[in-house]
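Chain naming here is simple, since letters A, B, ... match the order of the sequence lines and numbering starts at 1 in each.
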Amino acid sequence: MNWCPSCKTVLANEQVEGGACERCGTMVEQRFLEQWFFNISKYAPRLLENLNTLDWSATTKQAQRNWIGRSDGARLRFPVLDPLADAGSSAVSVTTEVRTGGTNIEVFTTRPDTIFGATYLVLAPEHPLVDALTTPMQDGVVREYRARASKQDLVSRKTSKEKTGEFTGSYAVNPATGEMIPIWIADYVLMEYGTGAIMAVPGHDERDFEFATKFELPIVRVVAGEGQTAKTPLGDEAYVGDGVLVNSEQFDGLSVDDAKVKVTAWLTSRHAGEAVTNYRLHDWCISRQRYWGPPIPIVYCDSCGTVPVPESQLPVLLPNIPDFKPDDSGVSPLARHEEWYHTPCPRCGKQARRETDVSDTFLDSAWYFLRYPSVGRDDIAFDAATTKKWLPVTTYIGGNEHAVLHLLYSRFITMVLHDAGLLGFEEPFTKFRAHGLIIREGAKMSKSKGNVVNPDEYIDKWGADSFRTYLMFLGPFEEGGDFRDSGISGVKRFLDRLWIAVRDRDESAAPDAEVMRKLHATIKKVGEDVPALSYNTAIAAMMEYMNVLRKGERTPARGEVEPLVQLVAPFAPHIAEELWTMLGHATSVFDSRWPTFDASLLASDEIELVVQVGGKTRGKVLVPKDVTQDAALAAAKADPAIGKFIIGEPKKVILVPGRLLNVVV
RNA sequence: GCCCGGGUGGCGGAAUGGUAGACGCAGGGGACUUAAAAUCCCCUUUCCGCAAGGAAGUGUGGGUUCGAGUCCCGCCCCGGGCACCA
């Protein structure tokens, strides 16, 4: 288990980032503890598959794909040679009369095509077969190696790439070649992934190559790349590229991809293995050695064993205790509370003991969206009709730091509840967008970097509306951006000008046609940008309109400025509400309709047509919006600044209606 | 190493294959003012030129196209995810 010595609790794999606790940054240790898990790994294929149907930020989906970590390959069985009969003999062909002890070593590989090059096996030091496989002669060194590996924490073990290992003294049979190959243990093989054992193909795997070189194990080429043959020496590194099989008997000449399928089929027919898909996603450890949290509703009874607390007795409430601080024992503070700890067994009524761990807080946040619409109901978790009306969540915006935490857990819980018939959907968040990170002084804001911004100071100085609008303006929402103090003044100035425009408006003046054209273009632009989360360009469009509205300190007509207040409202709600009141409305701006635009106002009869000659922009001409190609060309020739570039008969003329004319000469 | 993003003025950033640099910051000049602040107007990619004008230009090298920041191929750099995962 991952143990955080600072938080004094175990952590799920998802809550360990680069070997450190997700919450406090302390390096985690490894401890052996019995814990409760949710079987999320069973859902790995679905969690992965469904990603293709979700409208989520690409980065978030990719993070989940990486975390789930699908790999297609094969599980292969290597029979172990009877250690008494064959120990000590050198690698000889034993195709006939293989005497095996009946044990098999199962390995997972993504390269079944290279099995003819598997010259040894490696087990993780913790592999359950190690004891049985270790010969008396090797017992000392193996025992010592395992002890050393167990003491070393997982982080340094995973990061130090220096290969170490010991020979067990036993041999297995390569099911393809029939040759006997030595069985080693080494800490570069991890018990927690695959079967905890690998077939080593040093010719075509960098790690195996390094190990084989160090311990002088045989290296065989079984794949030949372009310009290589079966005899081409491997040199000083493994060949991991594509190619065709060599030194692989009947499979020689097949491509790597073909051979993966055919070798697996062949081994399957010989009962030596089968194709499998492996995932790196582990089960979710939900036990926590804390006080605050929902107790895991399990009772341990000497007669009945592990008994779940029946539904009628749920929830198990926390006892009110003064000493709720966790300690380093690995046991929850609840265990110190005798009265609570001892409870009758729900099944037989005899004295029994409660589970003292509480569940991970991520379990709570994994279903809060189900609870929220039904908070009015105390009798049930969530009401079916209400849930059907409001869920799944249409659009969810959050941080990518939850990609493999909250967002993965929520999907899993939703799937489980769906399968239990409690929900009509199996994905909780139809659309998810990850907001970007705000960068300041060249780094993402963090307490340790000392570059965090306290919003209160900015709100005091600039106002909440300015601060909020600035955050939306400083860069694309999904990419984040640079927070620079100097940038706020522009947004503040915009809101000030809006205030003045409303205050000084002319109630009787008729709106100007050109201004109204711009207004309608702005309504259109903002209306399109907001759902696309392009807040920065929406604000820019409103600023642009403000420049037109207040050009030369003109006094705007009411009809020119009133809709702008509605457009601004989602960005700067306080000032918008106040301005709306100033405009004489008795109800909230948020109860007013979103302004609509008149498309017929947007187009004018004459347009500026950009003229290119040979692809280079040479100027523009004013033409009717539905100008013909010939008329446009004539207009271009008539313009002296453009005409001088049009020498001779045009070879080709391209007119992009309403936009551009390109004359190729 | 693998997989995602991204690379555009002094800066933050705009650009359905069609005027690169919208909008904002910073900078310069001007109007108003006794003055300052505020407000308003103009300029501000680089190079050549007094100017008119011209040339170059979106990390880099090629390619497709009448036309490429945008599409395709190779490379470099930055940010993020995964990583002794077989």
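Here A/K61 lies out of heavy-atom contact (under 4.0 Å) with every strand. Residue-level contact check: A/K651 touches neither bases nor backbone, having no heavy atom under 4.0 Å from any strand. At the heavy-atom level, A/G552 lies under 4.0 Å from the strands shown only through sugar-phosphate atoms. In this structure, A/F209 reaches neither bases nor backbone, as no heavy-atom distance under 4.0 Å exists between it and the strands shown. At a threshold of 4.0 angstrom between heavy atoms, the contacts of A/N400 with the nucleic acid are absent. Within 4.0 Å (heavy atoms only), A/G481 reaches sugar-phosphate atoms of the nucleic acid but no base atom.
The aromatic rings of A/F211 and A/W184 stand perpendicular to each other, their planes meeting at an angle above 60°, with 30° marking the opposite boundary. The aromatic rings of A/H406 and A/H402 sit perpendicular to each other, their planes meeting at more than 60°, with 30° as the lower class boundary.
As rounded to whole Å, 18 Å separates atom P of B/rA38 from atom CG of A/D504. Atom CD of A/E479 is separated from atom P of B/rU8 by 12 Å (rounded to the nearest Å). With rounding to whole Å, A/L498 atom CG is found 14 Å from B/rG24 atom P. Put simply, CZ on A/F473 is 11 Å from P on B/rG13, counting in whole angstrom units. Per the geometry, NZ belonging to A/K492 stands 16 Å off C1' belonging to B/rG24, to the nearest Å. If you take CG of A/D205 and P of B/rC84, they are 13 Å apart, rounded to a whole angstrom. The interatomic distance linking A/R550 (CZ) with B/rC41 (C1') rounds to 13 Å, in whole Å. Remark: P of B/rG79 and CD of A/E401 are 19 Å apart, rounded to the nearest angstrom.
The stretch residues 60-72 of chain A participates, sequence neighbours left out, in these salt bridge (Lys or Arg N to Asp or Glu O under 4.0 Å) pairs: A/R70-A/D72.
A/S486 has no side-chain polar atom (N or O) that falls below the 4.0 Å cut-off from OP1 or OP2 of B/rC11. Taking 4.0 angstrom as the limit, A/N547 places a side-chain polar atom (N or O) nearer than this to OP1 or OP2 of B/rG24. In this structure, A/R65 does not reach the B/rC3 phosphate: none of its side-chain N or O atoms is under 4.0 Å from OP1 or OP2. Considering only side-chain N and O atoms, A/R497 lies under 4.0 angstrom from the phosphate OP1 or OP2 of B/rC40. For the pair A/N278 and B/rA86, the criterion of a side-chain N or O lying under 4.0 Å from OP1 or OP2 is not met. At the phosphate of B/rA55, OP1 or OP2 sits under 4.0 Å from a side-chain N or O atom of A/R618.
Environment of CD in A/E401: crowded, with over 12 heavy atoms of neighbouring residues, nucleotides or ligands closer than 6.0 Å. Applying the 6.0 Å contact sphere to CD of A/E206 captures no more than 12 heavy atoms from other residues, nucleotides or ligands.
Between B/rC4, B/rA26, B/rC11, one nucleotide has an atom nearer to the side chain of A/T59 than all others, and that is B/rC4. Closest to the side chain of A/T617, from the set B/rC4, B/rU19, B/rU39, is B/rU19.
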Review point. Would you write out the dot-bracket form of RNA chain B, 5' to 3', with Watson-Crick and G-U pairs under 3.5 Å, [ ] for crossing pairs, | for pairs to other strands and . for unpaired bases?
Key: (((((((..(((.....[....))).(((((.......))))).((((....))))..(((((..]....))))))))))))....
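Base orientation for B/rG74: anti, the chi torsion being more than 90° from 0.
Applying the 3.5 Å distance criterion, the base of B/rC84 shares a donor-acceptor pair with the side chain of A/K163. Contact annotation: side chain of A/R493 to base of B/rU39, donor-acceptor pair absent below 3.5 Å.
Separation of the C1' atoms belonging to B/rC23 and B/rG1 is 42 Å when rounded to the nearest angstrom. Rounded to whole Å, the separation between the P atoms of B/rG54 and B/rC2 comes to 48 Å.
Both tests pass for A/K163 against the ring of A/Y188: distance under 6.0 Å to the centre and angle within 45° of the axis.
Residues forming a side chain to side chain contact (heavy atoms under 4.5 Å, CB included) with A/D465 (at least two apart in sequence, or on another chain): A/L495, A/A572, A/P573, A/H574, A/I575. Residues satisfying the side chain to side chain contact (heavy atoms under 4.5 Å, CB included) criterion with A/S41, sequence neighbours excluded, are A/N39, A/D283.
Each of A/V656 and A/N66 was matched to the nucleotide of RNA chain B holding its nearest heavy atom; the match closer to the 5' end belongs to A/V656. If you find the closest nucleotide of RNA chain B to A/E553 and to A/T537, the one lying nearer the 5' end belongs to A/T537.
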Check your understanding: Would A/F362 and A/W284 satisfy ring-ring contact (aromatic ring centres under 6.0 Å, His included), going step by step from the backbone distance to the final call?
Key -> CA-CA 10 Å; A/F362 276 104; A/W284 175 16; 7.9 Å; no
Practice item. Take A/Q15 and A/N2 through the side-chain contact (heavy atoms from CB on, under 4.5 Å) test and state the conclusion after the steps. Key: CA-CA 9 Å; A/Q15 291 151 35; A/N2 306 300; over 6 Å; no
Sequence neighbours excluded and cut-off under 3.5 Å, please list the side-chain donor-acceptor pairs for residues 542-551 of chain A, or say none.
from, atom 1, to, atom 2, distance (Å)
A/E544, OE2, A/K518, NZ, 3.1
A/Y545, OH, A/E560, O, 2.6
A/N547, OD1, A/R497, NH1, 2.9

Exercise for review: Determine, for nucleotides 62-69 of chain B in 5'-to-3' order, which nucleotides have protein heavy atoms under 4.0 Å from the base (write B), from only the sugar-phosphate (write S), or from neither (write -).
Suggested key: ----BS--
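Side-chain atoms of A/D506 and A/T555 include no donor-acceptor pair closer than 3.5 Å.
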